[in-house]
Amino acid sequence: MRRVFSVLVLVAVLGMAMPALGQSPSPRLYVCNQGNATISVIDMDAMTVEETVDLKARGFSENAKPHHVVAEPDGSHWYVSLIGANTILKLNAENEIVGRLDDFEVPGLMALDPGKDVLYAGRSMSAVNPPKSLGMIQRSSMEVMERVNTFFPRPHPLALTPNGETAFIASLATNQLMGINTNTRETKLTRLEGATQTPVQFAMTRDGSTLIAGGQKTGQLLVYDATGAPGLSVTDTLAVGKQPWHPVISRQSGLAYVPNKMSHSISVVDVDNPAVEATIRGDGLAQPHGTVLSADGRYLFVSNNNREGTYEPSGENGVVTVIDTETNEIVKVIEVGPYPTGVGTFGGAQAMAP
């Protein structure tokens with residue numbers, strides 16, 4: 001009887017200490033600390049840093065400049081672009097390097113094809129004259145399958161439709177956007193009138209009908225009708241804050257969260273009926289850069305460059321601010337490495353449910 005009791009106690013203890021059999025781990029948030037060649041890995045449920053991946057300890061220089069991360073929906077692998085090393089790395093769930101693509105000049109933003117073994121990669125905005133092309137990379141082998149010519153200079157913002165049939169990329173230097181049919185490679189160029197927008201990054205609604213992008217130079221958020229993909233047309237233009245950066249759109253609410261880098265704020269935007277519903281400010285929002293939502297849409301995670309020192313953490317100057325989307329209040333500030341830039345989680349900019 002004692003032996004049975006002991007076994008039951010052991011099972012109960014293990015049950016409390018370990019996830020249930022078959023239960024997936026909490027989604028991870030990957031934060032590129034461009035200032036010291038590290039990536040902070042955050043448990044999104046616990047809202048704590050569980051590991052710091054030091055690229056210097058893995059043979060890279062302190063000028064490797066990790067910039068953006070995308071991860072497989074199941075968390076099995078994740079990919080990081082290294083601007084300073086002209087490299088894209090593939091890591092597994094244990095944060096071990098299992099593949100790499102070298103000699104990909106100044107890689108910037110990336111996107112995963114949801115149905116094919118393809119990783120799309122654009123070019124960093126820090127490069128003055130990068131190649132005028134979009135890279136299509138086989139994820140399993142980390143080899144370039146094709147380089148799609150964009151024809152326009154400084155290709156940067158990048159997004160895929162949810163079905164993976166169309167990729168969108170735009171120029172930082174000219175008011176030109178390109179839609180690419182990923183099956184046929186048919187392309188369609190869209191030209192915008194007026195002032196140069198310099199769009200930094202795209203976000204797309206879950207049905208693929210609407211695309212948004214912030215104009216770094218204008219402080220405007222442009223709303224595009226993408227139902228005619230690969231063609232696009234502007235339907236609305238909204239004033240947000242100074243230098244809108246990487247937006248995200250909630251699968252649950254349809255609201256967009258737009259980080260305004262030089263206004264130190266987040267604009268909450270109704271995309272269906274285009275309007276700015278709220279502006280979030282507070283201690284911890286200091287040059288907001290990248291945005292990721294939790295799987296249920298409840299929490300918004302925002303990386304902050306904080307290069308002007310407008311927020312004073314206890315350690316290094318980089319932070320991730322966590323916002324409750326039900327109240328638009330800051331609920332936690334997580335300290336990471338210096339100059340955090342791009343962020344990503346399981347499946348993209350909003351975590352996939354475990």
Do [X] and [Y] have side chains that approach each other closer than 4.5 Å (heavy atoms only, starting at C-beta)?
X    : Y    : result
V234 : T190 : no
N260 : W245 : no
P230 : T187 : no
T345 : F301 : no
Q287 : M262 : yes
V80  : C32  : yes
D272 : D270 : yes
P155 : L134 : no

Given 3.5 Å as the limit, does a donor-acceptor pair link the side chain of [X] with the main chain of [Y], or not?
X    : Y    : value
Q350 : V292 : no
S265 : R281 : no
D207 : S209 : yes
Q176 : L189 : no
T341 : H67  : yes
S81  : H68  : yes

Would you say that more than 12 heavy atoms from the other residues, nucleotides or ligands in this model lie under 6.0 Å from the [atom1] of [X], or not?
X    : atom1 : value
E62  : CD    : no
R298 : CZ    : yes
K56  : NZ    : yes
N183 : CG    : yes
R58  : CZ    : yes
E312 : CD    : no
K116 : NZ    : yes
K188 : NZ    : no

- Query: So Y30 and W78, would you call those rings parallel, tilted or perpendicular, with 30° and 60° as cut-offs?
  - Reply: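 Judged by the thresholds at 30° and 60°, the geometry between Y30 and W78 is parallel.
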- Message: Determine whether N63 and S61 satisfy the following criterion, side chain to side chain donor-acceptor pair (under 3.5 Å), listing intermediate values before the conclusion.
- Response: CA-CA 5 Å; N63 195 42; S61 78; 5.4 Å; no
- What pairs of residues pass the side-chain hydrogen bond (donor to acceptor under 3.5 Å, both in side chains) test when at least one of them lies in residues 223-236, not counting sequence neighbours?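 side-chain hydrogen bond (donor to acceptor under 3.5 Å, both in side chains) check on residues 223-236 returns D225-T227.
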Please determine, by modelled atom types, if [X] and [Y] share a side-chain donor-acceptor pair under 3.5 angstrom.
X    : Y    : result
S133 : R123 : yes
D102 : T87  : yes
S126 : S124 : yes

Heavy-atom closest pair, residues [X] and [Y]:
X    : Y    : value
V336 : V31  : CG2-CG1, 4.4 Å
A226 : G208 : CB-O, 3.7 Å
A275 : L238 : N-CD1, 3.7 Å
P27  : M352 : CG-O, 4.0 Å
L158 : G122 : CD2-N, 3.9 Å
N317 : P338 : OD1-CA, 3.2 Å

- Task: Mind checking salt bridge (charged side-chain N to carboxylate O under 4.0 Å, His left out) for R139 and listing every partner two or more places apart, or none if nothing turns up?
- Result: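 With neighbours one apart ignored, the set is E72.
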- Query: Please walk me through it: do V258 and V276 pass side chain to side chain contact (heavy atoms under 4.5 Å, CB included)?
  - Reply: CA-CA 10 Å; V258 184; V276 177; over 6 Å; no
